[in-house]
Amino acid sequence: MAYWLMKSEPDEVSIDDALAQDSVAWFGVRNYQARNFMRDQMQPGDGVLFYHSSCAEPGIAGIAEVCSTAYPDHTQFDPASHYYDAKSTQENPRWIMVDVKALRKTRLISLNELRTHPELEEMLVLKKGSRLSITPVTPQEWQFITEQLAGAKHVR
DNA sequence: GCCAACGTTGGC
DNA sequence: GCCAACGTTGGC
């Protein structure tokens with residue numbers, strides 16, 4: 001059982017979009033490090049922090065879980081797709097994806113809020129220049145964040 | 001729209 | 001295998 005933070009642009013797939021479906025195929029990852037996490041480490045049942053990026057309020061927007069192992073990302077074979085890769089072949093696909101099931105929407109924990117917590121200062125997504133769309137989250141970070149989310153209902 | 005950070009490409 | 005040029009990400 002591992003934990004991950006996965007970035008999605010809400011214009012493309014928001015937490016609301018994800019909740020409206022049984023699961024969403026995490027297409028479009030075109031970075032080898034992120035791909036390798038999916039290929040080599042992700043397992044069904046792994047916890048996912050659903051993160052909204054490239055938007056007005058970037059931050060954690062929900063909780064999800066991995067619900068498949070890795071399989072080829074079909075968008076790499078589609079010349080009309082933004083994610084088309086002419087160098088990838090059906091026989092030897094370069095890019096893969098997993099299915100992710102959204103479990104619940106949470107209050108938005110903004111990037112700024114994440115930065116205020118010393119417990120989270122080692123989070124990869126907070127590191128300067130971090131651009132990886134998929135990053136591992138430690139059990140301690142996962143626990144801290146889910147406690148923040150649980151605690152919020154008492155505070156308000 | 002800007003730009004820092006970082007990844008990829010390709011000539012040599 | 002080096003590294004300059006170029007492309008992309010993503011917060012601001």
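In what follows, chains carry the letters A, B, and so on, assigned in the order in which the sequence lines appear, proteins first and then strands, with residues in each chain numbered from 1.
One interatomic measurement links the two molecules: CG of A:Asp11 to C1' of C:dG11, which rounds to 15 Å at whole-angstrom precision.
In this model, a donor atom of one side chain and an acceptor atom of the other lie less than 3.5 Å apart for A:Arg39 and A:Asn36. Side-chain contact, A:Thr75 with A:Arg30: a donor N or O sits under 3.5 Å from an acceptor N or O. Using modelled atom types, one finds a donor on one side chain and an acceptor on the other under 3.5 Å when comparing A:Gln76 with A:Ser88.
A:Tyr32 has its ring centre less than 6.0 Å from the ring centre of A:Trp95.
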Review item, side-chain donor-acceptor pairs of residues 17-29 of chain A, under 3.5 Å, at least two apart:
unit_1: A:Asp17; atom_1: OD2; unit_2: A:Ser14; atom_2: N; d: 2.9
unit_1: A:Asp17; atom_1: OD2; unit_2: A:Ser14; atom_2: OG; d: 3.2
unit_1: A:Gln21; atom_1: NE2; unit_2: A:Ser23; atom_2: O; d: 3.4

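Checking B:dA5, C:dG11, C:dC12 against the side-chain heavy atoms of A:Asn112 singles out C:dC12 as nearest.
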I'd like a list of close polar pairs between nucleotides 7-10 of chain B and the protein, N/O only, cut-off under 3.5 Å.
unit_1: B:dG7; atom_1: O4'; unit_2: A:Arg131; atom_2: NH2; d: 3.1

